[in-house]
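As a basis for the values below, the full set of heavy atoms in this structure was taken, side chains included, without hydrogen atoms, waters or symmetry mates. Only a predicted model underlies this, so the values are computations on that prediction, with no experimental measurement involved. First the proteins, then the strands, lettered A, B, ... as listed; each starts at 1.
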Number of protein chains: 2
Amino acid sequence: MTAATSTRELAHPPRTDIRLEGVLHALSDPIRLRIVRELAAADCELACSHFGLPVAKSTTTHHFRVLRESGLIRQIYRGTAKMSGLRKDDLDALFPGLLDSVLGAADAQARRLGDG
Amino acid sequence: MTAATSTRELAHPPRTDIRLEGVLHALSDPIRLRIVRELAAADCELACSHFGLPVAKSTTTHHFRVLRESGLIRQIYRGTAKMSGLRKDDLDALFPGLLDSVLGAADAQARRLGDG
DNA sequence: ACGGTCGTTCGAGGGTCATCGTAGTTTGAC
DNA sequence: GTCAAACTACGATGACCCTCGAACGACCGT
């Protein structure tokens, strides 16, 4: 309210704090996996509201926070929107090939179960 | 006891029932990830008791069941011992490269955190 | 038959998690 | 200044999960 100022900063774990177990747990929820897939497909930052998730807004906030705190995504405020993007650089450096494998597996499963 | 006989059968999900979310969830627990890593390193079937896990026996049973029901491992009784082995064939067919990526990531993290 | 080893089952406790509704905050536009 | 839009914070609820101890069942020796 006073000077402190227009920067609403969000806490992100540094690269060295990202833990494999946390990443896997974050990806093990269907809604979060879907978010990550759309983020990877878009290959740019997306606003939370453009995902059309089948849950309440407060639940959406929760899932994005889990993704951010596990190190999977980076988030910044741009006006009233909160933009999210994959931390592909950090993840590839820590766990080479992991993200692509999971995304490929998700695609394969979606194809197999007959659903985009 | 009678004729029925030495077959104590264990229920395994068929390949087509294995779900990526379930696999990732199973791998997101430190103890289960450790089991999978040792299984991959051994490249053969191992008895539950040869893992020296830092939990009670009933907890060990629980973790092996989660791994089996998620489709990650195959288990058979051999005498009093229960042997476990990775379902590498099924996993590679469903999710090519996923298992190797996760194992590689686990190795990288173990190396980085200074621990075998 | 007996004892020991290996693993299971059951119930319970404690924790985390996904979900929601409501109320509130920040921001951009009029 | 006011208003709507985007997101957050808070409390609550119900589910799931990791853990354990104690009692039981299956198997292999002797």
**Of Leu33(B), Leu91(B), Val36(B), Val23(B), the residue whose pairing with Val102(B) passes side chain to side chain contact (heavy atoms under 4.5 Å, CB included)** =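 When side chain to side chain contact (heavy atoms under 4.5 Å, CB included) is applied between Val102(B) and each of Leu33(B), Leu91(B), Val36(B), Val23(B), only Leu33(B) qualifies.
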> Should Leu98(A) and Pro96(A) count as side-chain neighbours, where that means a heavy-atom distance under 4.5 Å?
Replying inline: no
Would you list the protein and nucleotides 23-25 of chain D atom pairs, both N or O, that sit under 3.5 Å from each other?
none

Name the pairs: protein N/O against N/O of nucleotides 2-4 of chain D, kept only if under 3.5 Å.
none

Touch class at under 4.0 angstrom, heavy-atom based, for Tyr77(A) against every strand present: sugar-phosphate
Does dG7(C) have OP1 or OP2 under 4.0 Å away from a side-chain N or O of Thr60(B)?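 So the side chain of Thr60(B) is outside the cut-off, no N or O lying under 4.0 Å from OP1 or OP2 of dG7(C).
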Given dT9(C), is OP1 or OP2 found less than 4.0 Å from the side-chain N or O atoms of Arg65(B)?
-> yes
Checklist entry - Which salt bridge (Lys or Arg N to Asp or Glu O under 4.0 Å) pairs, counting each pair once, include a residue from residues 98-108 of chain A, with sequence neighbours left out? => result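 Qualifying pairs: Arg37(A)-Asp107(A), Lys88(A)-Asp100(A).
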What side-chain donor-acceptor pairs closer than 3.5 Å can you find for residues 50-75 of chain B, not counting sequence neighbours?
from	atom 1	to	atom 2	distance (Å)
Thr60(B)	OG1	Ala56(B)	O	3.2
Thr61(B)	OG1	Lys57(B)	O	3.3
His63(B)	ND1	Arg32(B)	NH1	3.2
Arg68(B)	NE	Ala11(B)	O	3.2
Arg68(B)	NH1	Gln75(B)	OE1	2.8
Ser70(B)	OG	Val66(B)	O	3.3
Ser70(B)	OG	Leu67(B)	O	3.0
Arg74(B)	NH2	Asp89(B)	OD1	3.0
Arg74(B)	NH2	Asp89(B)	OD2	3.3
Gln75(B)	NE2	Ser84(B)	OG	2.9

Residues passing the side chain to side chain contact (heavy atoms under 4.5 Å, CB included) test with Asp17(A), sequence neighbours excluded, are Pro13(A), Pro14(A)
Nucleotide by nucleotide, nucleotides 16-22 of chain D touches protein heavy atoms under 4.0 Å in the pattern (B base, S sugar-phosphate only, - none) -SSBBB-
_So, taking the atom named CZ in Arg112(A) and the one named CG in Leu94(B), what distance separates them when rounded to the nearest 0.5 Å?_
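Between Arg112(A) CZ and Leu94(B) CG, I get 5.0 Å after rounding to 0.5 Å.
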